[in-house]
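First comes the structure, then the notes that go with it.
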Amino acid sequence: MPSFDAVNYSLRPSKSIQRHIVFEAVRTLQNDLDLDNMVYIGFGSIWFTDYVMAHKILGINEMVSIEASDVGFRRAEFNAPLATVRVIHGHSSYVLPTLYEDEKIRARPWFVWLDYDYELNETLRDDIRSVIENAPANSLLLVTFNGAETRYGQASDRPGRLQELLGDVVPDELSKRACKDDRMQETLADLALDFMTSVAADLARPGGFIPSFRLIYKDGAPMVTIGGIMPSKGAARIAGDITSTAGWPCRPERPIRAPHLTIREAATLQSQLPSIDRLTREAVRKLGFDLEDEQIEAFEAYYRHYPAFAQIVA
Amino acid sequence: MTINANTKAVANPTKAFFVTMITRDITLEDCILDLIDNSVDGAWRSEGSRPVGLAEGVDLSAYSIDINATPDSFCIKDNCGGMTLDDAIDHAFSFGRPAMAEHDDYSIGVYGIGMKRAVFKLGTEIRIRSTYLREDGVRESFAVPINVTDWLGDDQPPWDFDIVEDESLAEDGVNIQVTELTPGAKGAFDSPAFIQNLRRTIARDYSLHLNRGLVISLNGTAIPGWQIELLQGTDFAPMRVEYPDEVNGDEVSVEIIGGMAAPPPESADPDISDEGEKRFGWYVICNGRIVLAADKTAVSGWGSDEWPQWHRQYSGFVGIILFTAANAAALPMTTTKRSVDTSSEVYRRARPQMREVTRKWIDYTNMRKQALEEARRVEATAGPVSLYAVRKQQTVTLPRLVARPVEPVANVNYAVPVARLKRLAKELGSIRMPYREVGLKSFDYAYDDLVGDE
């Protein structure tokens, strides 16, 4: 990849796009499911980008951010963007169980987004299991992890590694090929969703677990976001119906790979959209610059969510 | 009220009681296996009901059983010849089998309870359809629709199910469709783990049939049969003996095979997970169906009659005992076909031979600890041989190892976070490297770095 495509890495436009897609979709769920008084739980880090969105787009007030690092915790407290964000110091595996007992939030629906930057591992799996076993009715659980194949051992080790992590849901005949290149993220997403569904089914969660989120995005490393709804028994059918329609945006067929554009490029392209005709390379050239076909297609698909980053203090 | 010769307590059963009783003590998985057994029996009948041993060259590739299990419905359909109208009227829907009833030779179905139990466990809206060839060469079809709620509503005898005319199925066979699933069935079919495990169980329990070409598919995917293999070489050879036995006048043929399927584990620590561990132990096969798999309990003898309890040290052993009988009632299996009836005489008589081969393996693994390097060397020379190709041999052959004096050793034990260990394992060559090996390799690494050559 040419360096100008990678230089914007820290701003992660693809990540930003998938976040927008998810939050907008959850807003549509709010109309049909009983998601009032929701609590947002995640890893706000020091940036709290998702927390601001949870508040502004979904109207969520009560929020909990889990922070393991000592310095990170102090900085997180300092940077908390809203008065209602509670930062709790500790590893997720220790903090989550305390939330299940928390009088203030335990009877309200949760929107849990565990946005890890490392790979699916034992700790992460145990966190997933614990949330599915304990989250209140009508909660959502999303998990993001690194899906780069090399994080899961050498090619021949990967099927076994997945079996070690996800257990019975991994088919005995899972091939090495299914764990290579881009297929690896697909395989991880499908099997981790199967794992989540099975945990809920085995525990007879009254409304089960409805797999609803499956997004792969790539700024640097390929990341996998998966998740679902744990509806009350009565809401299971409607939750299933909404999230299985063709219009449900959280299961894009292809990975999100946003092109890295300057503000001027993005604004110029946006001025041509929306349009019935597809934006062509020819048209972009006429606008005075050039992009790969793939980049044009990605921009067209996601321009509504394309972030505008600018340096505001020199 | 006065008591006289006509004073009696009412003992009539209710249908609801019956249904609860017969479905409570069986798992959903076993119910589905019961339905598969019926189909397999059909295929076997169509093939002329021959003995179901290992050697006979029977080709079942013309037969298929398709199972579809979703949270909304369950369906099993086969092309295994179908159920006759006479069978439906007289046997298939009665609770229990009359003592004098005829049996299909070499079948697995024996108690006349499987299909009812299975469908009641699965759901409340049931339709069983059959198309078969009558003896006079005419194809006949019928259906038995059952609405369980309606049926339970009337306890007055006689208890019966309506049989109605039906369109022909595409091929002669049985088709069972269940909707309005019970919460248990719905929940299970919603679980990918349940479906995968069902696939595994079918692959294992019907491996003898699958290896003969029978096709069983679950949710559109055909299931490959397990290949049971033992290791054989100059120092290793499994035992294989065969003898006839008899139960109440019914002949039962018994065959026992046993030996090393894999070298014993490097470490006997119980906390190390080892997928292979699931394969080892005793298998009991009745008329071709595995009714007990990889058993490590007192059922096959471990921890009884001077056998020690199962221990990880004994991993690597596989023993198989096959009982084959024209009359399935003579076989030592329980009604769920998920275990062995340990009180069965034919089974008890086989136990000493099972014990002998197990005992030899136990002795070998003990001796092996004193001559580990030698053991590894000879074990590596043994190659796999299919269950079907094991030669007849009265006892198992295992190498005699000579113990060598060993240096005194120190055992090191420490705990580290799993994530860190995995990262180190990956750098040392394999993310799946056993913990013990990661420990040894990191010791060697540090030793080489800090101590070097002495």
Side-chain angles (χ1 to χ4, degrees), chain A residues 68 91 93 116 118-127 129 132 149-174 179 190-211 228 233 236-237 240, chain B residues 27-29 69-72 181-204 207 218-227 272-276 278-279 416-435 438:
Chain A
H91 275 282
S93 49
Y116 302 91
Y118 48 82
E119 71 279 8
L120 179 64
N121 63 17
E122 281 81 358
T123 329
L124 201 156
R125 173 202 62 201
D126 294 346
D127 280 353
R129 179 187 287 284
I132 294 176
E149 53 177 356
T150 53
R151 296 280 188 134
Y152 300 86
Q154 290 152 348
S156 55
D157 280 337
R158 286 172 208 150
R161 175 65 183 144
L162 290 186
Q163 239 152 18
E164 217 170 61
L165 283 170
L166 299 173
D168 290 344
V169 299
V170 181
D172 295 345
E173 58 277 9
L174 182 70
C179 303
D190 291 338
L191 292 176
L193 278 171
D194 278 355
F195 173 78
M196 292 169 140
T197 312
S198 299
V199 171
D202 294 351
L203 152 102
R205 251 199 97 96
F209 177 91
I210 301 187
K233 195 168 182 194
R237 183 150 302 266
Chain B
T27 64
L28 184 67
E29 185 169 87
T70 70
D72 295 320
L181 298 184
T182 57
K186 207 177 172 61
F189 299 157
D190 198 19
S191 164
F194 177 88
I195 299 289
Q196 284 295 351
N197 283 333
L198 178 60
R199 192 182 296 283
R200 287 185 182 101
T201 305
I202 293 171
R204 183 190 68 196
S207 53
L218 176 60
N219 290 347
T221 314
I223 301 173
W226 255 28
Q227 299 298 330
I272 293 177
S273 70
D274 177 5
E275 285 301 303
K278 289 184 193 156
R279 287 190 296 138
V416 293
V418 180
R420 296 189 68 199
L421 183 121
K422 285 288 178 189
R423 265 174 236 145
L424 182 58
K426 199 172 131 223
E427 294 311 316
L428 287 171
S430 167
I431 199 164
R432 304 199 61 219
M433 187 180 283
Y435 298 169
V438 175

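FYI, side chains are in, hydrogens and waters are out, and symmetry mates aren't considered; it's all heavy atoms of this structure.
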Seminar exercise, completed: All heavy atoms of A:Asp157 vs all of B:Ser430, minimum pair found to be OD2-OG, 2.7 Å
For this session: Mind running salt bridge (Lys or Arg N to Asp or Glu O under 4.0 Å) on A:Arg161 and A:Glu122 for me, showing each step along the way?
Result: CA-CA 11 Å; A:Arg161 175 65 183 144; A:Glu122 281 81 358; 2.9 Å; yes
Problem set entry | Largest heavy-atom contact set with chain A, pairs under 4.5 Å, which of B:Arg200, B:Lys422, B:Arg423 | B:Arg200
Exercise. Closest heavy-atom contact between B:Arg199 and B:Ile223?
Worked result: O-CG2, 3.8 Å
For this session: With the side chain counted from C-beta on, respond yes when A:Leu165 and A:Phe195 share a heavy-atom pair under 4.5 Å apart, and no when they do not.
Result: no
Exercise. Taking side chain as C-beta onward, heavy atoms only, is B:Ile202 less than 4.5 Å from B:Leu198?
Worked result: yes
Exercise. When only pairs under 4.5 Å are counted, which of A:Pro171, A:Ser156, A:Gly208 shares the most heavy-atom pairs with chain B?
Worked result: A:Pro171
For this session: Check whether any side-chain heavy atom of A:Asp172 lies under 4.5 Å from a side-chain heavy atom of A:Gln163, and answer yes or no.
Result: yes
Exercise. Within a strict 4.5 Å, meaning less than it, do heavy atoms of the A:Cys179 and A:Leu162 side chains meet?
Worked result: yes
Exercise. Given that the side chain runs from C-beta out, which part of A:Val170 has a heavy atom under 4.5 Å from chain B: side chain, backbone, both or neither?
Worked result: backbone
Exercise. Under 4.5 Å between any side-chain heavy atoms of A:Asn121 and B:Val418, yes or no?
Worked result: no
Problem set entry | Those residues of residues 181-190 of chain B, ordered by number, that approach chain A below 4.5 Å (heavy atom to heavy atom) | B:Gly187, B:Asp190
Problem set entry | Heavy-atom contact with chain B under 4.5 Å, split by part of A:Tyr152 | backbone
